[in-house]
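Below is one structure. I have some questions about it.
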Amino acid sequence: MSEMFFASQQGRVIPKEDKIFGINNRAKAMIAREGKDKVVNATLGALLDDKGDLIVLSSVTDVFRNLEPKEFAEYAPIAGIPAFREAVKEDCFRSYKPEGFVEVVAAPGGTGAIKNVVANYADRGEKILFADWFWAPYKTIAEEMGKGFETFEFFNDERKFNVASLEEKITKLLAVQDKLVVIINTPAHNPTGYAVTREDWAGIREVFERVPKDKKIILLVDTAYIDFAGDEDEYRFYLPILEQLPENVLTLIAHSLSKAYTLYGMRCGATVCIAKTQEIADEFRKVCEFSSRSTWSNCNRAPQVILSKIYADPELKAKVYEERKQHRDMLIARAKAFEAAAAECGLVTVPFDTGFFVSIPCTNADEVCGRLEEEGIFLIPLAKGIRVSIASVPEDICRMLPARIKAAMDK
Ligand SMILES: Cc1ncc(COP(=O)(O)O)c(C=O)c1O
């Protein structure tokens, strides 16, 4: 948008429409025109069943339906109701017992959790750092608050996590600023499906150890998809590593209930801090509460009560985990089908573990996605490639898509 009528531009670049929702709208329009069976809509980051309907955990819905009016009507404290804040710790850490000082502040989804971190740990004019395959709102959040961003190359030529690029960018940015927010989205990374490995974490730790002691790193691990990656404890293997990072690194986690509890629209999550001292944890809570008060004030109470109830009742908790596991297994089967078909037709994907998305490197993604749209296949073109949401299409479509994408790229 080049010109504002009344609104203030504030240096922001505001597009006419959200790209993903725009493409999704075109897919919907084509479905209305030509029928559901003529269209593949692999655009959105929500888990759909094989008929294309949103999957909602019935165990979570049951708790929701049985809430007392007071449980959702009342204001929640700004940092979240105490039982929720305890439940988030369990949900975030599972069997791991952190040694550091843990603090939790509620947020409206992972998005709010990320926003509170960028609001409080980066100064205006400073840049934050994330991978070049990234979730677009990282950029929007930074720009909205007058902060810049820089990306590091996620993968090197050997298709491995690019520790050298991470270090190069950290060094560059810390030459001109005293602290740096680094966002790492793992596991089931959006948009690639990558999971940072033990080896990668060892490399990241070495990089952080080389950061001058008078500079600070705020590491934000975005775990929006963690419970859709695989075994929930195994995929939390990196938690102890986070606690071994040097003194000048503060570890924060953006925790979200959107996917794990199919509470996307309820807007619930939290920022979790694992600090080396009580003072740092207290400061975290204080600044996050201050920012919350000036934006969403307190958060939606209903999902906080829902999570509290799930963690207060072992049987219910087991039911939720089991129900989620069934859907996760379905998602993993889709991923395997896509991977096998890609290997068969020679379609190269970005390194992938599992998750809602697979990405394909492509220098003319807009053009290729345009061609696919004509065939009724709706995908998301990104700066570095094409994102396919395997979360929103059935297994047989996952098996069919790679060859179609390859053909459109080869045209
Ligand atoms: C990478 C990533 N981080 C965080 C989120 C946060 O989502 P929400 O604010 O809905 O919890 C999402 C959701 O799509 C995401 O893809």
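Only a predicted model underlies this, so the values are computations on that prediction, with no experimental measurement involved. Ligands are counted one by one from 1 in listed order, and the atoms in each one are counted from 1 as well.
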Check: Does NZ or CZ of R387 come closer than 6.0 Å to the centre of the six-membered ring of F357, within 45° of the ring's axis?
Finding: yes
Notebook entry, point to check: Considering only heavy atoms of R267, which atoms of ligand 1 have at least one such atom less than 4.0 Å away?
Noted result: 8 (P), 9 (O), 10 (O)
Note to self: Distance to the ring centre below 6.0 angstrom and angle to the axis at most 45 degrees; does that hold for R328 and Y321?
What the structure shows: no
Notebook entry, point to check: Do Y238 and D200 have a side chain donor and acceptor closer than 3.5 Å?
Noted result: no
Next item on the list: Show which atoms of ligand 1 fall inside a sub-4.0 Å distance from at least one heavy-atom site of G109.
Entry: 9 (O), 11 (O)
Checklist line | From CD1 (I274) to CG (L239), nearest 0.5 Å | finding: 6.0 Å
Notebook entry, point to check: So is there a nitrogen or oxygen of I114 less than 3.5 Å from a nitrogen or oxygen in ligand 1?
Noted result: no
Note to self: Does the residue Y225 have a heavy-atom contact with ligand 1, meaning some pair of atoms that are separated by less than 4.0 Å?
What the structure shows: yes
Check: Between E232 and R236, is there a salt bridge with N-O shorter than 4.0 Å?
Finding: no
Next item on the list: State plainly whether the residues E86 and K89 are in salt-bridge range, i.e. N to O under 4.0 Å.
Entry: yes
Check: Taking 4.0 angstrom as the limit, do E367 and R371 come out as a salt bridge?
Finding: yes
Check: Looking only at non-hydrogen atoms, which of I183, T111, I20 approaches atom 9 (O) of ligand 1 most closely?
Finding: T111
Notebook entry, point to check: Closest non-hydrogen protein atom to atom 13 (C) of ligand 1, residue and atom name please, with distance?
Noted result: K259 NZ, 2.9 Å
Check: Can E126 and Y121 be counted as having a side-chain donor-acceptor contact under 3.5 angstrom?
Finding: no
Notebook entry, point to check: Polar-atom distance check: S258 versus ligand 1, any N or O pair below 3.5 Å?
Noted result: yes
Margin query: Would N185 count as being in polar contact with ligand 1, using the rule that some N or O on each side must be under 3.5 angstrom apart?
Written below: no
Note to self: With a 4.0 Å cut-off on heavy atoms, is H189 in contact with ligand 1?
What the structure shows: no
Check: Atoms of ligand 1 less than 4.0 Å from D222 heavy atoms?
Finding: 1 (C), 2 (C), 3 (N), 4 (C)
Check: How far is atom 12 (C) of ligand 1 from its nearest protein heavy atom, and which residue and atom name does that atom have?
Finding: W135 CZ2, 3.3 Å
